[in-house]
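Fair warning: this is a prediction, and the values are worked out from it, not measured in the lab. Throughout, numbering of the chain's residues begins at 1 and tracks the sequence. Counting convention: from 1, in listed order, for ligands and their atoms alike.
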Amino acid sequence: MSEKPVGVADIGVVGMAVMGSNLARNLAHHGNVTAVYNRTDAKTDELIRDHGSEGEFVPSHDIDDFVASLKKPRVAIIMVQAGRGTDAVIEQLADRFEPGDIIVDGGNANFLDTIRREKDLRERNLNFAGTGISGGEEGALNGPSIMPGGSDEAWDRLKPILESIAAEAEGEPCVTHIGHDGAGHFVKMVHNGIEYADMQLIAEAYDLLRRVGGHDTAALAEVFDEWNQGDLESYLIEITAEVLRQKDAETGKPLVDVITDQAGSKGTGVWTVQNAVGLGIPVSGIGEAVFARAVSSKPKQREAVQALEKGRPEPVAKPDGFEDDVRAALYASKVVAYAQGFDIIIAGAEQYDWQIDKGAVAKIWRAGCIIRARFLNRIVEAYERNPELPTLLADEYFAKVVADGEAAWRRVVSTAALSGVPVPGFASALSYYDSLSSDRLPAALIQAQRDFFGAHTYGRIDKPGVFHTLWSGDRSEIQTEGSGH
Ligand code: ATR
């Protein structure tokens, strides 16, 4: 690099591993002059060698040259390993950037780190936009769903660039300014949590159709293909059919049958559950999905219990209309999982003071990302009908889905229990629905127990105030608050 270009690039990307190089190519494909830099030069050189002709790239081997190559106000997207890698690159850029310049973190950062980084950089008059990018390698290259946080000022500058590279759903780019500081990474985290729940529910449907329905893998692929023609149409259902069709070259068996049944995870599902617990939001669908992966990955415990000499229940005879029942149970459980996912977005927005448009979030998830689905249009419509909806389950469309599927859902969960097929996702979704729809919950007993051992007090259904029974005394009731007005 003999001549060093100055002030020519619309945007820069730091980190030329898979996601970063694909995003840089996507940017260049859409007419953005794209500066590229990686700590190790070989990756930058490889990108230019293999893809340099796809658009206008400005490669640098030196961070100073990279920064100099950017037009002002400068915009650089960081696509490096989350955590220390991100902090290191932020520092390098912040030392060289000027007031008003924008650093975008496109990695899977924890939103609490994003809040911290945004605050630090704001104090240095720099913009920091933590941005969730979903869609994996393919999405990064051909159009991801993009969830930017950060300031309004940063969004004004980023909007046309991000719109140029985002996926499109019904003619609209799948990017919207989610909210300030960590809002983008928070919503991306919840997206991933919902993805866990969705995958778990699909896996349970597959297991039921296999073990109770008696379908072989080829027939299962057809069931999922058929489901993909209806309300369940989604990327995850579509790839499930494809996965089920894949044969293992070595054994000739369906590939899924030779894959170890221990699911891994990278952490965003766990973060969703940790934050939900803190916020007091029951995301049981996501929680069960995280736990189901954890159970699967405990071979010693599984072996120990399998070694016990006890008979496993025989699967019950396949009930009539079982496939339709499982489809209805899957759809109803999915409604619950998404309702819970939006609940945590609403709670996060309240806690961290973000203005999040729920309908806009559902819209940008319609393409580019892993949970893309026809179903998201129904969520958009639900929030259009009532932006203050207390739960998606109360929306007229979703209430009808659940009511229409309810009997099937109960049949499927009881069939699974009788047959010894674990369905933590289906069953907990049904319990959640039954909890919300019960006019009286056993929480009254829990309140009485708490009052008994800890004098935690309780409210009464027939009058206002706070009460305590003198459990270790004469067991009379006293009013501790709200009396004597
Ligand atoms: P992937 O997109 O493949 O998942 P990743 O593991 O998230 O990638 O991140 C790898 C990228 O982070 C690489 O570009 C790496 O740079 P090198 O090619 O030089 O290894 C970059 N990276 C990791 N730690 C870094 C650091 N401390 N400073 C700068 N770049 C770093």
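Between Glu118 and Arg122 a salt bridge is recorded (basic side-chain N to carboxylate O distance below 4.0 Å).
Under the 3.5 Å distance criterion, with hydrogens and angles disregarded, no donor-acceptor pair is assigned to the side chains of Thr44 and Asn38. For the 3.5 Å distance criterion, the side chains of Gln340 and Ser284 qualify, holding a donor opposite an acceptor. Using a 3.5 Å distance cut-off with no hydrogens or angles, the side chains of Asn32 and Ser164 do pair a donor with an acceptor.
Residue pairs meeting the salt bridge (charged side-chain N to carboxylate O under 4.0 Å, His left out) criterion with at least one member in residues 12-32, sequence neighbours excluded, are Arg25-Glu54.
Within 4.0 Å of ligand 1, protein heavy atoms come from Gly15, Met16, Ala17, Val18, Met19, Asn38, Arg39, Thr40, Lys43, Val80, Gln81, Gly85, Ala88, Val89.
Because its NZ or CZ atom is both nearer than 6.0 Å to the ring centre of Tyr196 and within 45° of the ring axis, Arg293 counts as a cation-pi partner of that residue.
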